[in-house]
Amino acid sequence: MRSAVIVFPGSNREMDMVAALEQASGRKPALVWHKDSELPEVDLIVLPGGFSHGDYLRAGAMAANSPVMNEVRRRAEKGVPVLGVCNGFQILTEARLLPGALMRNASLRFVCRNVTLRVENAQTLFTGALEAGQRMTVPCAHMDGNYFADDDTLKRLEDTGGVAFRYVDAAGETTDEANPNGSRDSIAGVFNETKTVLGLMPHPEDAVDPLHGGTEGRALFAGIVKALS
Amino acid sequence: MTEITPEIVAEHGLKPEEYDKVLEIMGREPNLVELGIFSVMWSEHCSYKSSKVWLKKLPTTGPQVICGPGENAGVVDLGDGLAAIFKIESHNHPSFIEPYQGAATGVGGILRDVFTMGARPIMNLNALRFGSPEHPKTRHLLSGVVAGIGGYGNCVGIPTVAGEVNFHPAYDGNILVNAMTVGLAPADRIFYSAAAGAGNPVVYVGSKTGRDGIHGATMASAEFGEDSEEKRPTVQVGDPFTEKLLIEACLELMATDAIVAIQDMGAAGLTSSSFEMASKGGVGVELELDRVPLREEGMTPYEIMLSESQERMLMVLKPGREELARGIFEKWDLDFAVIGRLTETGKMVLKWHGEVAGELPIDPLALASPEYERPWTASEPPAPLDAAALPERDPLEALERLVGSPDLASRRWIWEQYDHLVMGNTVLRPGADAGVVRLPDLPEGSRKGLAATVDCTPRYCLADPVQGGRQAIAEACRNLYAVGARPLAVTNNLNFGNPEKPAIMGQLVGCLQGMGEACRALDAPVVSGNVSLYNETEGRAILPTPTIGAIGLVEDVARVPGAAFPEAGLSLVLIGETRGALGQSLYLRELESREEGAPPPVDLEAERLAGELVLALIGEGRVAACHDLSDGGLLVAAAEMAMAGNLGCSLEPPAQDADQAAAKTPLAAWLFGEDQGRYLLATADAEAVLAAARGAGVPAARIGETGGDALTLAGAGTISVARLRRAHEGWMPAYMAAELAAD
């Protein structure tokens with residue numbers, strides 16, 4: 001699997017993502033600067049975590065208008081898979097490649113802690129190697145991860161398998177305590193209509209090594225590599 | 001032109017005798033720009049005039065030291081061609097006035113000190129002291145400081161891996177915010193600040209210069225009075241996004257051969273950076289101030305020289321490398337301006353639209369920087385505590401109160417606001433004895449890591465400055481040993497009251513004496529540091545707080561033990577000697593409301609032997625969990641290990657020998673005494689551990705084992721881990737939630 005990781009000014013988890021992708025695919029991803037207007041031929045485009053443009057204005061708002069995003073959008077329209085994690089998810093919603101918006105955490109505080117995710121749709125190229133209902137514990141680290149969409153959008157997401165992951169407790173149930181940011185319906189990640197674009201707030205790339213304190217993020221990357229190789 | 005009156009001199013924080021020296025050096029009356037420069041260069045903050053004499057007595061060298069005090073940060077050799085660059089620095093006064101920005105810019109400043117020398121920052125730490133929880137400002141200050149530290153560190157993408165927090169009424173009017181950064185650099189690519197090469201261009205990069213922070217260094221060198229809130233305009237505003245770009249741009253430029261010297265613009269901004277670079281290099285400098293990128297209109301040379309706007313650096317480049325450097329900074333959308341040249345005159349010449357706005361001799365000003373041997377008096381040694389006279393209490397009830405008390409309660413509410421995982425190298429998360437990150441880009445097969453911790457027990461320092469100074473170093477090293485790291489070196493942040501008072505000066509002298517003794521005994525030289533004096537409000541001083549930041553090398557990150565009990569059926573072994581020192585203990589303070597007695601003495605040789613033993617046992621893979629014993633003593637340590645692992649244990653206090661029994665040491669002293677040099681280990685092989693301890697001449701005893709869902713103390717009963725957790729985890733969220741309710 002060939003992949004590219006986009007670097008925006010203020011990206012700060014691009015190397016975490018590079019390490020996870022390289023571990024899963026055996027190939028070093030290309031790093032692409034946000035002012036570039038071209039992208040190499042790749043099987044997967046990744047928007048990493050961080051604070052692009054300092055989160056000034058709104059998280060992801062300025063990065064969504066970076067020169068490189070024109071090409072990301074063109075590739076996405078052609079069906080090239082795009083993964084956005086944390087700030088990458090925020091950028092994808094600002095770029096309207098994913099529905100909804102990410103608001104300030106309900107606590108109004110940054111939150112960095114382990115969360116447990118439940119796979120909601122295992123019929124996609126991203127999640128095909130996982131099982132519906134499968135749980136994985138990975139960290140989250142964000143200030144603006146409170147997923148919001150209007151009722152119609154939520155219903156459409158629900159009806160079409162658009163919800164990728166939910167925050168759940170150890171028993172697999174959605175609860176207020178298990179939801180780190182107040183997201184509607186405990187939504188942690190969503191797909192676009194064609195299930196070729198995935199955004200999620202938590203960081204599976206920071207749970208791929210026993211030294212991270214957990215390796216449950218590996219399955220997601222392994223599955224993506226399997227689907228795209 | 002403004003006439004220099006005695007009032008103006010006083011407003012600049014210069015004493016009349018210091019002003020006489022100014023006149024002597026200048027050979028004439030200075031203008032306002034020049035006076036401002038003298039003022040900041042001779043401020044306590046920049047000149048260390050009260051502490052210099054004593055700082056010189058600290059050990060600062062060793063085979064591991066590449067660069068000791070005097071540069072932006074200390075540099076230590078890690079082997080494998082790598083060096084650690086680190087320092088701790090205070091931002092106390094600004095954080096009290098404006099907690100979010102004060103703390104945020106404290107993080108920004110210490111990050112710059114480290115990446116200025118060529119290092120990529122890999123971990124942040126912080127040591128915070130707040131006033132009494134009951135003080136009406138404490139919640140506001142705590143929430144603002146924590147949000148500011150997180151807001152800055154999270155955005156630049158450096159994990160905040162460890163820290164400490166204390167509450168005490170002595171900090172009601174002067175909180176302490178000490179921030180530490182550790183960075184990693186190639187050992188042969190360290191960048192220094194000494195300018196060289198007449199004619200070489202002086203280059204300004206980073207953010208534009210505004211009016212923020214003018215005279216911050218002078219403010220940080222004065223006591224607070226009733227008007228301290230009016231000083232808000234002297235607090236700088238941070239922009240972590242620009243800092244992130246500055247880190248990347250500087251490291252990109254540092255990979256070329258363009259830089260001769262580089263220095264961040266910290267306290268006293270352009271003045272101290274240009275002055276120090278020229279002074280260290282023995283050269284002159286000519287600056288054209290009208291070329292400095294400005295954020296505001298109508299700024300004067302005085303304001304430009306004294307602004308403490310953040311995220312700015314000053315560099316001397318090799319001739320002809322300007323365009324290469326400009327290209328890199330423009331790529332990152334940062335300002336870049338050639339603002340002057342080095343000269344051979346030995347003078348600093350400031351030009352403003354072609355006119356000379358100031359001209360000062362560099363060496364005389366730097367060399368004549370005041371140095372005081374202030375009078376001091378040693379603290380009276382406290383009367384020893386009669387522990388046998390203390391009332392008897394149920395030890396498990398006392399434990400529950402202690403783990404839920406402000407100084408011992410969980411700090412999760414704080415560190416969950418810090419991104420402690422970014423960069424993907426964090427091995428031990430906050431809440432452990434020390435933060436540990438694995439070193440990136442090592443040769444195949446190497447699993448080295450770096451551990452870091454911050455420590456100080458101010459109540460010990462007040463009661464006995466010498467023991468307190470020793471203890472701060474000893475505990476920092478103990479925290480490193482406990483995670484399997486060999487201590488390498490330390491950085492210190494000396495927070496004290498007004499040094500013009502002999503009693504305060506005596507605290508400083510005593511703490512430094514103890515610190516020096518411990519650094520020598522534990523082979524941990526001081527390689528960088530910062531001094532923050534005048535932490536007083538209306539005559540009341542803070543507790544003497546010489547915060548220690550220490551780093552240590554981990555040979556194999558896969559063997560780092562956590563504090564959490566990992567499984568049932570492990571033996572608990574207590575390493576070190578327990579005498580039952582309750583003087584100045586948290587038990588005495590929290591249960592008996594008494595802050596008295598002598599602090600536990602620190603036996604440096606015993607400390608070293610116990611540390612080396614623990615390090616060897618961890619290296620042999622015999623340690624399943626390890627925790628150092630400090631605040632709260634043995635029972636609190638056992639409870640913390642149980643809570644971290646969500647697994648209980650049973651404990652039987654070691655038998656007393658005849659002497660101790662004769663001294664009628666109460667049970668509480670055994671359980672809650674804060675004797676130094678001790679660790680609690682969980683191990684599957686107690687016999688091997690005890691044999692190793694005998695061989696090393698370190699007292700050790702098997703005192704219990706892990707298992708169950710409760711902590712059971714022989715002869716005293718049982719308390720569930722869940723109940724302990726409720727007390728431990730509950731205090732801070734409940735305390736901070738009351739802020740929202742009050743709003």
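Chain naming here is simple, since letters A, B, ... match the order of the sequence lines and numbering starts at 1 in each. Keep in mind that the numbers below use all heavy atoms, side chains included, and drop hydrogens, waters and symmetry copies.
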NZ/NE/NH1/NH2 to OD/OE distance under 4.0 Å, A:Arg118 and A:Glu120:
yes
Heavy-atom distances under 4.5 Å only: say whether A:Asp55 touches chain B with side chain, backbone, both or neither.
neither
With a 4.5 angstrom heavy-atom cut-off, could you sort out which part of A:Ser11 is near chain B: side chain, backbone, both or neither?
backbone
Heavy atoms, side chains only, cut-off 4.5 Å: are B:Lys448 and B:Arg438 in contact?
no
Applying a strict 4.5 Å limit to non-hydrogen atoms, the region of A:His203 in contact with chain B is neither
Chain A interface, residue from B:Val156, B:Leu245, B:Asn154 that has the most non-hydrogen pairs under 4.5 Å:
B:Asn154
Do you know which of A:Met15, A:Glu14, A:Lys35 has the most heavy-atom pairs with chain B at a distance under 4.5 angstrom?
A:Lys35
With only heavy atoms counted, which part of B:Val560 is less than 4.5 Å from chain A, the side chain, the backbone, both or neither?
neither
Options B:His420, B:Gln417, B:Arg412, B:Met423, ranked by heavy-atom pairs under 4.5 Å with chain A, top entry:
B:Gln417
Ionic contact status for B:Asp335 with B:Arg295, cut-off 4.0 Å:
no
Side chain, backbone, both or neither: which part of B:Leu421 has an atom under 4.5 Å from a heavy atom of chain A?
both
Side chain to side chain contact (heavy atoms under 4.5 Å, CB included), paired with B:Leu450, selected from B:Val554, B:Ile122, B:Val436, B:Val427:
B:Ile122
Which bit of A:Asn12 comes within less than 4.5 Å of chain B, counting heavy atoms only: side chain, backbone, both or neither?
both
Between B:Ser309 and B:Ser207, does any side-chain donor sit less than 3.5 Å from a side-chain acceptor?
no
Verdict with reasoning, B:Arg429 to A:Asn114, per side-chain hydrogen bond (donor to acceptor under 3.5 Å, both in side chains):
CA-CA 11 Å; B:Arg429 301 182 183 193; A:Asn114 279 354; 3.1 Å; yes
Kindly give the heavy-atom pair with the smallest separation between B:Phe115 and B:Pro121, and that separation in Å.
CB-CD, 4.1 Å
